[in-house]
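Heads up: the structure comes next, in structure tokens.
The figures here come from the full heavy-atom set of this structure, side chains too, leaving out hydrogens, waters and symmetry mates.
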Amino acid sequence: DDGDALALLRAVRAALTGGATLVVAEPMADGPGARRIAAYFAMYFLAIGRGRLRDFASQRRLLEQAGFADVRRRRTALPLQTSVLTARAA
């Protein structure tokens, strides 16, 4: 999972000019209501055979390894459904 995600993020970084901003929107394992959303995604990932929820620290680590900096979690109106991260192409 992390290897595939990192490869995708590296390809995205390579396509962006320096200073560009990437916006990532997805549920987080450590967001508000994470326990409830984790139950849904456990079934979802079981059905598709792969994947997992990541917490902010894991997301930040992958983004930084892919060449992004200044990774931030942004407020959303419905954090149970999705969290938003921004990262700057370094």
Residues forming a side-chain hydrogen bond (donor to acceptor under 3.5 Å, both in side chains) with T21, sequence neighbours excluded: none
For R60, check salt bridge (charged side-chain N to carboxylate O under 4.0 Å, His left out) against everything at least two apart and list the hits. none
What residues, two or more places apart in sequence or in another chain, satisfy side-chain hydrogen bond (donor to acceptor under 3.5 Å, both in side chains) together with R74? T86
Set of residues satisfying side chain to side chain contact (heavy atoms under 4.5 Å, CB included) with respect to A66, sequence neighbours excluded: L6, L9, R10, F68
In chain order, what residues pass the side chain to side chain contact (heavy atoms under 4.5 Å, CB included) check against A25, with sequence neighbours excluded? T82, V84
Any salt bridge (Lys or Arg N to Asp or Glu O under 4.0 Å) involving residues 15-31? Give me the pairs, sequence neighbours left out, ordered by first then second residue. D30-R73
Identify, with sequence neighbours excluded, every residue that meets salt bridge (charged side-chain N to carboxylate O under 4.0 Å, His left out) alongside R72. D70
Which of these passes side-chain contact (heavy atoms from CB on, under 4.5 Å) with L85: V23, L22, L63? L63
Tell me every residue that passes side-chain hydrogen bond (donor to acceptor under 3.5 Å, both in side chains) with R52, counting only those two or more places apart in sequence or in another chain. D2
Rounding to 0.5 Å, atoms OG1 (T76) and CE (M28) come to a distance of 10.0 Å
Listed partners of R88 passing side-chain hydrogen bond (donor to acceptor under 3.5 Å, both in side chains), at least two apart: none
Taking every heavy atom of R54 against every heavy atom of A5, the minimum-distance pair comes out as NH2-CB, 3.8 Å
